[in-house]
Amino acid sequence: MKIYEEKNRVVVENMKDFEPKHIFECGQCFRWNLEDDNSYTGVVFGKILNIKKEDDIIYFNNTNLNEFHNIWYKYFDLERDYTNIKNKLKKIDNYLEKAVEFGGGIRILNQDEWEILISFIISANNRIPMIKKAIENLSKNYGEYIGEFRDKKYYSFPSPKKMNSLSEDEIRKCGTGFRAKYIKDASFIVYRQNCDIYKYKNLDTDMCRKELLQFCGVGPKVADCVMLFSMQKYDTFPVDVWVKRVMEEFYLEESLSLNKIRNYGISKFGKLSGFAQQYLFYYARELGIGKK
DNA sequence: CGTCAGGTGCGAT
DNA sequence: ATCGCACCTGAC
């Protein structure tokens, strides 16, 4: 892997297991958008980053080598050997082999706990375009102005303090629907009650999950997503409608409860459950597996 | 118009 | 423990 800096960008050559489409469209993030030139622009940690892959070269636009090492290396999980993970998963069976090959460029991002908690509360019984719109509205209306990139203005995700200062109605008007009161509650708990969700990642997976489940609007699926996408808990298996479909298509004879599917996944995939879930989810959703 | 979407809370069993 | 139902909202 060769990394070097050019004018306002970092160029990475020969990086394995990194495909922007797979990373940004496997359901783990909501603030990355496809541009006309087939690049993706996102807001992360109050910064605007643009990613473009051409042949085997990846361009990290609007950043520098310092930020690359201090922020993006961790965010994109670049220290992890995904080839090794993929090889282990591929050996399990032919279904997983297909799914892993289909989404071979997936990386599980290390995202901000607070932003992910609220984002996945919004995701409950919701569609991706609506989730993205609600998060964008919250940021545009109540986040900090960051700057412009290609003639578009960008805003950070509102802090717990800012979110707590809003009324339920102001949150609702951003398009969050019945989840507005959950967001209001979570903001109060995190900001006013000084609950440090940034320490949850230090707990073991079961305790971490137990803590998250105490938030109203956080059920089993949302808790698993928050743990997996922002707290480095990889021995968990979020089961949503797509994972249920693909598991029933590949592994299960009958229709099991979501919790039983989760337990089945964790017992089958162990420490790699979270990675397996991502490959299966992306495969199922892109191909419409099991859709009625 | 009804249905449904990357679930969850709630009350009833 | 497990089950069934309502739920903001907008696209079909």
Side-chain angles (χ1 to χ4, degrees), chain A residues 21-33 99 102-103 106 108-109 111 115-138 141 166-189 206 209-230 236-250 252 254-265 273-292:
Chain A
K21 179 180 161 62
H22 299 174
I23 295 170
F24 301 129
E25 295 182 21
C26 70
Q28 59 178 329
C29 54
F30 301 104
R31 296 205 73 189
W32 284 91
N33 294 309
F102 185 80
I106 288 176
I108 298 186
L109 300 170
Q111 304 181 77
E115 178 174 334
I116 288 300
L117 173 65
I118 300 303
S119 296
F120 278 89
I121 286 175
I122 294 171
S123 80
N125 193 230
N126 210 347
R127 298 169 181 228
I128 293 175
M130 300 275 295
I131 301 166
K132 292 178 79 165
K133 197 179 291 177
I135 294 168
E136 191 183 318
N137 287 338
L138 283 170
N141 295 337
L166 306 177
S167 68
E168 185 185 322
D169 201 51
E170 285 172 314
I171 295 172
R172 180 179 291 261
K173 282 193 168 67
C174 290
T176 54
F178 63 87
R179 310 159 195 88
K181 63 173 176 295
Y182 304 151
I183 297 170
K184 177 76 185 156
D185 277 359
S187 306
F188 181 79
I189 291 168
D206 286 343
R209 191 165 193 259
K210 205 170 284 180
E211 292 292 336
L212 285 168
L213 286 172
Q214 290 186 32
F215 287 93
C216 204
V218 175
K221 189 269 180 183
V222 169
D224 284 334
C225 285
V226 174
M227 289 197 296
L228 180 57
F229 302 140
S230 74
T236 194
F237 195 74
V239 181
D240 57 40
V241 56
W242 288 105
V243 173
K244 178 176 161 63
R245 284 171 184 157
V246 73
M247 290 299 281
E248 285 172 357
E249 183 88 7
F250 288 168
L252 310 167
E254 52 192 325
S255 178
L256 296 179
S257 72
L258 298 180
N259 190 46
K260 283 182 176 157
I261 297 174
R262 176 178 189 266
N263 290 335
Y264 180 90
S273 295
F275 300 99
Q277 191 270 3
Q278 283 295 276
Y279 294 116
L280 288 168
F281 172 86
Y282 183 69
Y283 184 74
R285 200 169 88 89
E286 290 291 310
L287 270 52
I289 300 282
K291 197 175 177 184
K292 281 171 289 193

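Just so we're on the same page: letters track the sequence lines, and every chain starts at 1. Note that this is a predicted model, so its numbers are computed, not measured.
- Remark: A:Asn141 engages A:Asn137, A:Cys174 in a side chain to side chain contact (heavy atoms under 4.5 Å, CB included) (not counting sequence neighbours).
- Between A:Tyr283 and A:Phe102, the ring planes are perpendicular. Angles over 60° get that label, and only those under 30° would be called parallel.
- As judged by a 4.0 angstrom heavy-atom cut-off over every strand, A:Gly217 is placed among residues touching the sugar-phosphate backbone only.
- No engagement by A:Pro238 is indicated, since no non-hydrogen atom pair under 4.0 Å with the nucleic acid exists.
- Straight-line distance between the P atoms of B:dG6 and C:dC3: roughly 23 Å, to the nearest whole Å.
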Would you write out the dot-bracket form of DNA chain B, 5' to 3', with Watson-Crick and G-U pairs under 3.5 Å, [ ] for crossing pairs, | for pairs to other strands and . for unpaired bases? .||||.|||||||
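- For B:dA5, neither phosphate oxygen OP1 nor OP2 lies less than 4.0 angstrom from any side-chain nitrogen or oxygen of A:Arg285.
- Looking at heavy-atom distances under 4.0 Å, A:Tyr282 makes no contact with the nucleic acid at all.
- Between the side chain of A:Gln28 and the backbone N or O of A:Ile23 there is at least one donor-acceptor pair closer than 3.5 Å.
- For the pair A:Ile183 CD1 and B:dG7 P, the computed distance is 16 Å after rounding to whole Å.
- Scanning for salt bridge (charged side-chain N to carboxylate O under 4.0 Å, His left out) contacts around A:Arg285 gives an empty result, with sequence neighbours left out.
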Once base and sugar-phosphate atoms are separated, protein heavy atoms under 4.0 Å mark nucleotides 7-12 of chain C, 5' to 3', with B, S and - as BBBB--
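- Separating the CG atom of A:Leu117 from the P atom of B:dT8 is a distance of 12 Å, rounded to the nearest angstrom.
- Here the closest non-hydrogen pair linking A:Met247 and A:Leu280 is SD-CD1, 4.1 Å.
- A:Ile122 places its CD1 atom 15 Å from the C1' atom of B:dT8, with the value rounded to the nearest Å.
- Distance check on atom P: B:dC10 versus C:dC8 gives 13 Å, rounded to whole Å.
- Aromatic ring centroids of A:Phe120 and A:Phe30 lie under 6.0 Å apart.
- Taking atom CH2 of residue A:Trp242 and atom P of nucleotide B:dG7, one finds them 11 Å apart after rounding to whole Å.
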What side-chain donor-acceptor pairs closer than 3.5 Å can you find for residues 178-185 of chain A, not counting sequence neighbours?
residue, atom, partner, partner atom, Å
A:Arg179, NE, A:Ile122, O, 3.1
A:Arg179, NE, A:Ala124, O, 2.9
A:Arg179, NH1, A:Thr176, O, 2.9
A:Arg179, NH2, A:Ala124, O, 2.9
A:Arg179, NH2, A:Asn125, O, 3.1
A:Lys184, NZ, A:Asn164, O, 2.9
A:Lys184, NZ, A:Leu166, O, 2.7

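- Across all strands, A:Cys225 comes closer than 4.0 Å to no nucleic acid atom at all (heavy-atom distances).
- Minimum interatomic distance between A:Gly103 and A:His22 (heavy atoms only, all atoms of both residues): C-ND1, 3.5 Å.
- Between the CD1 atom of A:Ile131 and the C1' atom of B:dT8 there is a distance of 14 Å, given to the nearest Å.
- Counting to the nearest Å, the P atom of B:dG7 and the CG atom of A:Leu258 are 9 Å from each other.
- Using a 4.0 Å heavy-atom distance criterion, A:Phe281 is classed as a base contact.
- Here the shortest heavy-atom pairing between A:Ser119 and A:Ile135 reads OG-CD1, 3.4 Å.
- For A:Ile261 and B:dG6, the CD1 to C1' distance is 14 Å, given to the nearest whole Å.
- Residue-level contact check: A:Val218 touches the backbone only, with heavy atoms under 4.0 Å from sugar-phosphate atoms and none from bases.
- The separation of C:dC5 from B:dT3, taken at their C1' atoms, amounts to 16 Å, rounded to a whole angstrom.
- Take A:Glu25 and apply the salt bridge (charged side-chain N to carboxylate O under 4.0 Å, His left out) test, not counting sequence neighbours, and it matches A:Lys21.
- Rounded to whole Å, the distance from CG on A:Leu280 to P on B:dG6 is 17 Å.
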